[in-house]
Amino acid sequence: MAMATNYYEDVLDVVRQIPQGRVSTYGAIAAYLGLKSGARMVGWVLNQSLLHSEVPAHRVVNRQGLLTGRMHFSGPSVMQTLLESEGIQVVNHQVMNFQEKFWDPSVELSL
DNA sequence: TGCGTGACCACGG
DNA sequence: CCCGTGGCCACGC
C-alpha cells in the first residue's frame with residue numbers, strides 16, 4: 001500500500017456503496033467527496049483498484065452513461081456483461097434509462 | 001524538474 | 001455536431 005492517500009480510500013469507499021443494478025459517475029463521486037478537480041482522479045483510482053481490490057468498478061460510467069472504462073477490464077465486453085447481469089441494459093456502450101439507474105452519492109448518502 | 005498522458009467535464013466556436 | 005481549450009492533479013520517464 002504505497003502512500004494510501006485519503007482520496008484513494010474515499011473513492012473506493014463510495015464505489016463500494018453503489019447498489020447492484022445502479023450506476024454512478026466519475027464527476028458525481030468527485031463532487032460528493034469534494035474532489036472538485038478529481039473526476040479524472042476517480043477514473044485513475046478505479047483503474048488502480050482493479051489490480052487488487054474487490055470494487056464494483058463496472059458501476060461507474062461517465063456523465064452521459066457511457067461505458068468509457070470498458071477497455072480496462074479483462075475484456076472489452078466484460079463491463080457490459082457485468083452490468084447486464086445486474087439488470088442494467090446497455091446498448092451501444094450506453095446505459096439505457098440512465099437517469100433512472102443513476103445513483104448520486106450526494107443524494108443517496110446525503111449527510 | 002519538466003512534460004506528456006489520462007476510465008473527466010464544461011464551455012465556446 | 002465536431003473539435004479545441006482550460007481546469008485539475010497523479011504518475012512515469
Side-chain angles (χ1 to χ4, degrees):
Chain A
M1 50 182 280
M3 304 290 266
T5 47
N6 285 344
Y7 68 87
Y8 187 94
E9 297 299 331
D10 292 341
V11 169
L12 297 186
D13 217 50
V14 173
V15 175
R16 276 191 272 255
Q17 296 182 68
I18 303 174
Q20 205 176 50
R22 303 291 296 281
V23 294
S24 194
T25 69
Y26 307 100
I29 294 170
Y32 169 70
L33 293 175
L35 300 175
K36 175 170 169 289
S37 55
R40 228 169 174 159
M41 295 300 96
V42 173
W44 176 80
V45 170
L46 258 53
N47 194 4
Q48 305 303 306
S49 75
L50 285 181
L51 308 176
H52 60 80
S53 306
E54 285 187 27
V55 179
H58 58 283
R59 295 181 191 149
V60 183
V61 298
N62 81 345
R63 78 180 185 98
Q64 301 175 18
L66 231 48
L67 280 55
T68 49
R70 70 196 139 96
M71 301 317 260
H72 296 273
F73 291 78
S74 51
S77 59
V78 173
M79 188 174 184
Q80 174 167 343
T81 302
L82 287 171
L83 287 173
E84 293 180 327
S85 74
E86 297 183 351
I88 288 188
Q89 284 187 312
V90 178
V91 177
N92 206 16
H93 303 146
Q94 184 173 323
V95 174
M96 302 306 284
N97 302 317
F98 175 56
Q99 190 111 311
E100 294 176 14
K101 309 295 184 182
F102 180 43
W103 184 85
D104 186 348
S106 298
V107 175
E108 312 287 348
L109 301 179
S110 59
L111 306 175

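In what follows, every chain begins at residue 1, and chains take the letters A, B, ... in the order their sequences are listed.
If you measure from atom CG of A:Asp10 to atom P of C:dA10, you get 14 Å, rounded to the nearest angstrom. Rounded to a whole Å, the CH2 atom of A:Trp44 is 12 Å from the C1' atom of C:dG12. Residue A:Arg70 contributes atom CZ, which lies 11 Å from atom P of B:dC8 at whole-angstrom precision. Following rounding to the nearest Å, A:Met71 (CE) and B:dT5 (C1') show an atom-to-atom distance of 17 Å. In this structure, the CD atom of A:Gln64 is 13 Å from the C1' atom of C:dC1, given to the nearest Å. Spacing between atom CG of A:Leu35 and atom P of B:dC9 amounts to 13 Å, rounded to whole angstrom units. What separates CG of A:Leu46 from P of C:dA10 is a distance of 16 Å, to the nearest Å. Distance CD (A:Gln48) to C1' (B:dT5): 14 Å, rounded to an integer number of Å.
Looking at heavy-atom distances under 4.0 Å, A:Asn47 makes contact with a base. If you check every strand for non-hydrogen atoms under 4.0 Å, A:Leu50 touches a base.
In this structure, the nucleotide among B:dA7, C:dC8, C:dC11 sitting nearest to the side chain of A:Arg40 is C:dC8. Taking only side-chain atoms of A:Met41, from C-beta outward, the nucleotide of B:dA7, C:dA10, B:dC8 with the closest atom is C:dA10.
The minimum heavy-atom distance between A:Pro105 and A:Ser24, with the atom names listed, is CD-OG, 3.6 Å.
Base pairing of C:dG6: its partner is B:dC9, meeting the Watson-Crick or G-U wobble criterion (both donor-acceptor distances under 3.5 Å). Using Watson-Crick or G-U wobble geometry with both donor-acceptor distances under 3.5 Å, C:dC13 finds its partner in B:dG2.
With hydrogens and angles ignored, the 3.5 Å screen pairs no side-chain donor or acceptor of A:Arg22 with any backbone N or O of A:Pro19.
Considering CG of A:Leu46 and CD1 of A:Ile29, their distance stands at 6.5 Å, rounded to 0.5 Å.
Map A:His58 and A:Arg63 each onto its nearest nucleotide of DNA chain B; the residue landing nearer the 5' end is A:His58.
Ring geometry for A:Trp44 against A:Tyr7 counts as tilted: the plane angle lies between 30° and 60°, on a 0 to 90° scale.
The shortest distance between side-chain heavy atoms of A:Leu82 and A:Glu86 does not fall below 4.5 Å.
Nucleotides B:dA7 and C:dC2 place their C1' atoms 22 Å apart, quoted to the nearest Å.
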